[in-house]
Asker: 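Quick one: the structure is below, questions incoming.
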Amino acid sequence: MHGHHDMGHTVAGWTGSALVFVGFTTSGVSMCAAWAPGIWLGAAVVLGGALATWLLHLAGWGKPSGPRPADQWDWRVKDATHHPDCLGCRLAARPRTLDGARRELTAAQSAD
């Protein structure tokens, strides 16, 4: 159906999806039960899922979209590449290019 293409299943993606599902379910059930603290609890779990996804992505357990070699398709493979167009990486103040990362590392080493 999707051809020979990686669909981007990652530890970060599955963890975030599961936490957000639990959060929305908690909020929905709490809304039906008219339990206001449960709505806020569910919202907190949703935000926690977003934060967990971002942190796992920064730790190498998330991959950018797009084609990758078949040996990197497994969800247990950590991503060691740099994501120059990734919003999550930019929010973490990572340099946009690999050369920029090397320059920052060289500058930090020479400052020591």
Side-chain angles (χ1 to χ4, degrees):
M1 177 182 277
H2 299 288
H4 196 64
H5 186 74
D6 178 20
M7 296 305 291
H9 301 290
T10 64
V11 172
W14 282 110
T15 301
S17 296
L19 287 171
V20 168
F21 176 78
V22 168
F24 272 107
T25 302
T26 301
S27 288
V29 169
S30 298
M31 190 172 292
C32 292
W35 185 51
I39 296 170
W40 291 108
L41 175 67
V45 172
V46 168
L47 290 175
L51 181 64
T53 301
W54 182 48
L55 293 175
L56 285 168
H57 171 78
L58 293 178
W61 291 110
K63 301 174 188 172
S65 60
R68 277 179 293 288
D71 63 329
Q72 295 179 9
W73 287 7
D74 192 81
W75 64 271
R76 294 169 293 225
V77 174
K78 257 185 130 174
D79 185 28
T81 61
H82 183 69
H83 312 135
D85 295 326
C86 172
L87 175 63
C89 290
R90 282 186 274 151
L91 288 173
R94 289 185 172 177
R96 291 197 63 141
T97 64
L98 191 53
D99 289 333
R102 286 189 187 119
R103 279 194 299 270
E104 286 185 12
L105 181 60
T106 304
Q109 288 173 343
S110 63
D112 290 339

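Heavy atoms only: backbone and side chains are in, while hydrogens, waters and symmetry mates are out.
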Asker: What's the spacing between F21 CZ and T26 OG1 if we round to 0.5 Å?
Answerer: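 It is 9.5 Å, given to the nearest 0.5 Å.
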Asker: Between CG of L51 and CG of L19, what distance do you get to the nearest 0.5 Å?
Answerer: 10.0 Å
Asker: Between A12 and H57, which heavy-atom pair has the shortest distance, and what is it?
Answerer: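 Minimum heavy-atom separation between A12 and H57: CB-N, 3.9 Å.
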Asker: Identify the heavy atoms of S27 and A43 that sit nearest to each other, and give their distance.
Answerer: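 For S27 versus A43, the nearest heavy atoms are OG-N, 3.4 Å.
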Asker: Other than M31, which residues form its hydrophobic cluster under the rule that side-chain heavy atoms must be closer than 4.5 Å?
Answerer: I39
Asker: Work out which heavy atom in T15 is nearest to a heavy atom in V11; give both atom names and the distance.
Answerer: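 Where T15 meets V11 most closely, the heavy atoms are OG1-O, 2.8 Å.
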Asker: Could you give the distance from CG (L56) to OG1 (T10), rounded to the nearest 0.5 Å?
Answerer: 8.5 Å
Asker: Using links of under 4.5 Å between side-chain heavy atoms of ILVMFWY residues, direct or through other members, which residues join V20 in one cluster?
Answerer: F24, V46
